[in-house]
Amino acid sequence: MQRLYAFIRKHPTGVDAFWAVLLFGASALSGIGLYSQGKGTWWGWIPIAVAQTLVVTLRRRCPEKMLLLAMALGLGQLVLDVQPNAGDFAMLMIINTVASGDNRKYSRIALVGGLAASTIATLRWPNGPDGVHATLVQSVFQTVVMTIPFALAWVLGDSFRTRRAYYAELEERAARLEREREAQSKVAVAAERARIARELHDVVAHNVSVMIVQADGAAYVLDASPDQAKQALETISSTGRQALAEMRRLLGVLRSSDGDGGEYVPQPGVDQLTDLVEQCRGAGLPVNFQVDGAPRPLPKGVELTAYRIVQEALTNTRKHGGPAARAMVRLTYGDADLGMLIEDDGRGAEHALYSAGGADGLGHGLIGMRERIGMVGGTLDAGPRPGGGFRITAVLPLKAIR
């Protein structure tokens, strides 16, 4: 059966030609019956019957032209006195085909022609089957009965068109939803890569900054104080290993094919700020670390954001503050938020660093801060500090964003 259905769908004209042959046979039997009763002529019926088979055969290839041909054949029947017969079923088929198409103008023409055909036929041949002139009631009844098939043919064709349009809309909607899902997936991937890029920026900027400071210090005291130079080199080594471990973890997320991101290490949080401050002190940056309020567990996103903000702020202090700069970090635990204050008394950053949102030509530290804080619904204020230096204040809400 599947092969039969496939053949029918693949060869619609051939199928229509088969039905046209059957219709011609039925039309021949009907014509013989009418001719035997002295109704009509062979020279009038034969060309009309042949043309009706053509209408059925080509109805799906050129429906509008076949509709016009069918209407012309109907007028020919009136002129040549070829009474309604089985061949007129071609009119029903072409009306159904045109109504199922997308050309609404010809669909309306087909409807009007079909509804008018029975009335015109009744007026042209008013005699009943027994040859007696039909009464008005009989004529009206005959007209109504003959009109119903034409109306049904048009209604069925129009319903096919509506259903086909509905299925096409469903397919288009499904395709659109699929495209939207793909777009959302790409957006999610891009957002995840942007998050990883921010993480890499924070890791590299902080640790490489510490390594540079220690390397410069080691080179400076190498001859005068070998022990101090050795300590600086050990700091460089441990900092490099830490940076490499974090970078491997983050790059493992990108390289993982099964989506589990490889082997994760715990994300840094507020508890690791003490180690971060000690690392900065070991790199030669005096840092005063204060905590106000009662420390308590925080949302993971808030903890990571707080750690990265302090990390980026201290990195900027080493980059822009000068050799004698000192920094201060203060965390304030509130009832509904975590307040942060990071400031230094150094030279301060160039005006472009904060006036342009953080793009100073060397990095995008403040831009990354604003993005991180925006993700948790917090606020950030960064700028020069009265009396010199730079100040960053942030407020991170502790409740989930709705």
Side-chain angles (χ1 to χ4, degrees), residues 1 4-5 8-27 30 48-49 51-78 82-126 129 134 136-174:
M1 293 300 294
L4 178 61
Y5 293 152
I8 293 175
R9 288 193 297 267
K10 190 176 181 180
H11 302 89
T13 303
V15 175
D16 290 338
F18 171 76
W19 291 115
V21 172
L22 294 182
L23 181 64
F24 182 81
S27 178
S30 177
I48 291 177
Q52 286 173 337
T53 60
L54 181 64
V55 170
V56 176
T57 302
L58 301 179
R59 65 188 181 93
R60 280 190 276 193
R61 299 191 63 175
C62 43
E64 292 83 6
K65 294 180 180 179
M66 292 302 101
L67 174 65
L68 297 178
L69 177 58
M71 296 177 68
L73 294 177
L75 295 177
Q77 285 184 258
L78 297 175
V82 178
Q83 294 191 15
N85 57 80
D88 294 331
F89 191 78
M91 188 64 178
L92 296 176
M93 298 180 68
I94 190 61
I95 287 177
N96 177 270
T97 302
V98 173
S100 64
D102 297 327
N103 194 323
R104 306 310 300 152
K105 175 182 176 182
Y106 278 89
S107 177
R108 289 190 290 269
I109 292 176
L111 176 61
V112 173
L115 296 178
S118 57
T119 302
I120 296 175
T122 300
L123 295 176
R124 176 65 176 82
W125 297 286
L136 178 61
V137 175
Q138 290 176 333
S139 298
V140 171
F141 179 77
Q142 180 181 352
T143 301
V144 172
V145 171
M146 293 177 61
T147 301
I148 291 176
F150 290 99
L152 288 178
W154 187 89
V155 170
L156 289 176
D158 190 68
S159 66
F160 291 157
R161 178 193 63 82
T162 303
R163 185 173 62 179
R164 187 174 63 251
Y166 174 72
Y167 288 152
E169 182 181 357
L170 289 181
E171 292 177 356
E172 194 278 333
R173 184 181 303 175

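Along the sequence shown, the residues carry numbers beginning at 1. What you see below is based on every heavy atom in this structure, not just the backbone, and it leaves out hydrogens, waters and symmetry mates.
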A side-chain contact here means heavy atoms from C-beta on lying under 4.5 Å apart; do [X] and [Y] qualify?
X    : Y    : result
R61  : D16  : no
R161 : R104 : yes
I109 : E64  : no

Quick one: side chain to side chain donor-acceptor pair (under 3.5 Å) partners of [X], sequence neighbours excluded?
X    : result
S118 : T147
E172 : R176
T57  : none

Check this for me, if you would: do R108 and D158 make a salt bridge, where the nitrogen-to-carboxylate-oxygen distance has to be below 4.0 angstrom? no
Does A86 have any side chain to side chain contact (heavy atoms under 4.5 Å, CB included) partners at least two apart in sequence or in another chain, and if so, which? A26, S30
Restricting to side chain to side chain contact (heavy atoms under 4.5 Å, CB included), what partner residues turn up for L78, sequence neighbours left out? L75, I120, R124, W125
Tell me which pairs pass side chain to side chain donor-acceptor pair (under 3.5 Å) where either residue lies in residues 90-102, with sequence neighbours left out. R59-T97
Over all heavy atoms of both residues, which pair between [X] and [Y] is shortest? Give the atoms and the distance, please.
X    : Y    : value
F24  : T53  : CB-CG2, 3.4 Å
A151 : L115 : CB-CD2, 4.2 Å
A110 : I95  : O-CD1, 3.7 Å
S107 : A99  : OG-CA, 3.6 Å
A90  : V55  : O-CG1, 4.3 Å

Under 3.5 Å, is there a donor-acceptor pair between the side chain of W154 and the main chain of V112? no
CZ/F89: more than 12 non-hydrogen atoms of other groups inside 6.0 Å: no
For the atom pair [atom1] ([X]) and [atom2] ([Y]), what is the distance rounded to the nearest 0.5 Å?
X    : Y    : atom1 : atom2 : answer
T143 : L123 : OG1   : CG    : 7.0 Å
I48  : Q77  : CD1   : CD    : 5.0 Å
F150 : D88  : CZ    : CG    : 7.0 Å
Q52  : L54  : CD    : CG    : 11.0 Å
M66  : Y106 : CE    : OH    : 11.5 Å

